[in-house]
Amino acid sequence: MQFRFDLDTSKQHPELRASVRAFLDEERSKGRFVPRANCWIHYDKDFTRRAAEHGFVGLTFPKEYGGRGGSNLERYIVCEEMLAAGAPVGMHWIGDRQSGPQILRHGSERAKRQILPEVAAGRCCIGIGMSEPGAGSDLASVRSKAVKVEGGWRITGTKLWTSHAHRADYIIALVRTGEPVPQKHAGLSQVIIDMRSEGVKASPIEDMTGGRDFNEVALEDVFVPDDFVLGEPGSGWKLVTGELAYERSGPERFMSSYPVLEAMFARIGGGSDVVAKTALGRLVTHAVSLRTMSGAIAGMLEQGRSPDVEAALVKDLGAGFEKETLETARQAIDCPPDIASTDPYSRLLGEGLLAAPSYTLRGGTREILRSIVAKQLTRR
Amino acid sequence: MNTDSNPIADLAGKLFQPSIHPAADHFDVNLWRDFCATGLDQVACTGEDSALLDAVATLKAAGSAGARIPVAEIIAARWLETKAGWDSGSDMVTVLSGDDSWDRVSWGRDAAAVLRIADGTLQRFDGPFDIVQTCANLAGEPRDRLAAPSAPQRTAPVEVTPAQLAGRLALFKAAMMVGAMDRILQICVEHAETRVQFDRKISQFQAVQQMLAILAGHSAAAGAAVQLAATDGSLMMAAIAKSRASEAVAIVTDAAHQVCGAMGYTVEFPLERLTKRLWSWREEAGNERYWNRRIGETFAAGDLPALWPVISSVAELAGLDDRIAMGIDA
């Protein structure tokens, strides 16, 4: 009945970790990026290309598809280093984390050969085409429709909240290919849509941080060839559930505010404020616990298990920590948050606070995640 | 999801069954006898790599059953005596905790002996002891103030420092807390699946589901920290584990009592004897503020260039042991 998160500390990969740190040190010293809160939303195609040149993108893809054949644990190490540094990983993040692995697992040979090497080379951005205006938490109620035609399907519908869609090369869309019988999870499929196709129009949506990374994607009779369907038509719900476990299990689910914690540490270190240090100590205990749990999930994925519920549990706790870090920091240090400030602490705090509502919404709301956990607990 | 599946955990699980006796201060003589007969009191003394993990598995089982013997103190006491080269026999021995005072001595009134570390030596004071003031924690466990005896009956050099003992006691207490939380979660799920209101099991209400998930989440976080601390053995990780477990208590007990309603508020229901233990144990061996302060002061002393290289490495965290020890020995 209990959830277990036993971290295997024996696999450390020190050389890999050192190489990522060296890369990031060089990038920082050359002024190529500054740490950002919520950094994995920040799109920087040159940073992604340079990271890819160092082998840090598509690391888990097999060599024949442009990757290094690395393990989930190795990928985890690269990701947590990038996030700790607040690096602008936005362009490749989704493709590397979930869309690429999804294509690898369920795509046709042609889809794999066309797309995966481009992702690993840092030249390709993939978006998540799940949500719609009428389908957020209730994902199975998507209405984008796919009609069978010669050699493929024609897709009509609207996708929403698609990060980076206006710059993406592909999105993986959840669409309705069949009848919702016996229930609405049936008859769904995941399809790869080439964003250059006729009938695709992405319109940016401004969010409350001032960013315009969200998009509405209008699809009108967009042609998708048969070999750009993932798995079998009708298997979409099962596929999307598996993809969500990858989406929920990474270190970014508790590290969006990490640069704020590091900046808080820099401000109070060496000082005499016991209250601030105690608050810092508390945040450290949470960071270490969450990292342990998150790393344990990476290990479970490595063993071929499907830790969907564990991932939901850690994402819920992690998002809470991301928000608490901000509130703790602002109470420990007198400094008004200002996204335009030259003071990095003030800027980071401001960025974090404006983005904070999204931490418990994206990738599954906190309430949905808790329902998933509770369902497992009460299962007989 | 899986449970501890090893011989020690199985043995401890069979030994520590939930007590039906309401009086928490009644020393369970039968359990004590059985506990020593299994050899689980020596679980931390084997010198094997797995000793701490085995101790934690034992303590989790004891915590989940609300055992009325001082399991954490006994395991620590046997460990100390082994370190000092003594054969500890099967006496009921307890230890003075961090602040080295004879105030709030755990189960002191039932102890055959009390151990104390001072100036590089282990001291053993034989009982019975004079009780200056009878005292209990919220769970009713004895925490009397004893009259400090004039001299120990036995001393020997020992390489365990007061800070190291504090770390062990913190980890052991945290392990018992995690065991209690695991059992509390079980009780709450069973209750939610059985209790019917408005023509359905209350587990079908979203509000109840949310609380069960919150309870499970914070318990799991405490459990993860304890497990890592038992694998790694450092003082810093023990501090982190005890802090995380102590902090989880308010959230876990609040959710648990909400789920279990008025029935959970009575002594007939098995919840309160566990939540009272959590409210007591979170304060003992250092509460969250005690450890958060020392963790924070260790990190923020001024010479660490950044947090991340330390947070991301179990070895680096352990490397701060000497420094956090200074905040305890002082």
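Below, read A as the first sequence line, B as the second, and so on, with proteins coming before strands; counting in each chain starts at 1.
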B:M181, B:Q206, B:M211, B:Q209: which one forms the most heavy-atom pairs within less than 4.5 Å of chain A? B:Q209
One option among B:A306, B:G223, B:A239 has the most heavy-atom pairs under 4.5 Å with chain A, and it is B:A306
Nearest atoms (heavy-atom pairs only) where B:F299 meets A:F265: O-CE1, 3.2 Å
Take B:S312 and A:R17 through the side chain to side chain contact (heavy atoms under 4.5 Å, CB included) test and state the conclusion after the steps. CA-CA 10 Å; B:S312 60; A:R17 191 181 291 278; 4.0 Å; yes
Show me, pair by pair, the donor-acceptor contacts under 3.5 angstrom made by side chains of residues 168-177 of chain B, not counting sequence neighbours?
residue	atom	partner	partner atom	Å
B:K173	NZ	B:E73	OE2	3.2
B:K173	NZ	B:E284	OE1	2.9

Just to be sure I understand the criterion: a residue of residues 79-86 of chain A counts if one of its heavy atoms is under 4.5 Å from a heavy atom of chain B. Which ones qualify? A:E80, A:E81, A:A84
Looking only at heavy atoms, which of residues 276-291 of chain A get nearer than 4.5 Å to chain B? A:K277, A:T278, A:L280, A:G281, A:R282, A:V284, A:T285, A:H286, A:A287, A:V288, A:S289, A:R291
Region of [X] in contact with chain B, defined by heavy-atom distances below 4.5 Å:
X: A:I77; answer: neither
X: A:T292; answer: side chain
X: A:M255; answer: side chain

Atom pair CG/CD of A:L7 and B:Q227 - distance to nearest 0.5 Å: 10.5 Å
Straight-line distance of B:L228 CG to A:M293 CE, nearest 0.5 Å: 12.0 Å
Please look at B:A301 and chain A and tell me whether the side chain, the backbone, both or neither of the residue comes under 4.5 angstrom of a heavy atom of that chain. backbone
Side chain, backbone, both or neither: which part of B:E288 has an atom under 4.5 Å from a heavy atom of chain A? neither
Within the supplied structure, the quantity of interest is the number of heavy atoms (other residues, nucleotides, ligands) at a distance under 6.0 Å from A:D25 CG; does it exceed 12? yes
Does NZ in A:K323 sit with more than 12 non-hydrogen atoms of other residues, nucleotides or ligands closer than 6.0 Å? yes
B:F269: what forms a ring pair (Phe, Tyr, Trp, His ring centres under 6.0 Å) with it, not counting sequence neighbours? B:H191
Any side-chain to backbone donor/acceptor pair from A:E262 onto B:L307? Under 3.5 Å, distance only. yes
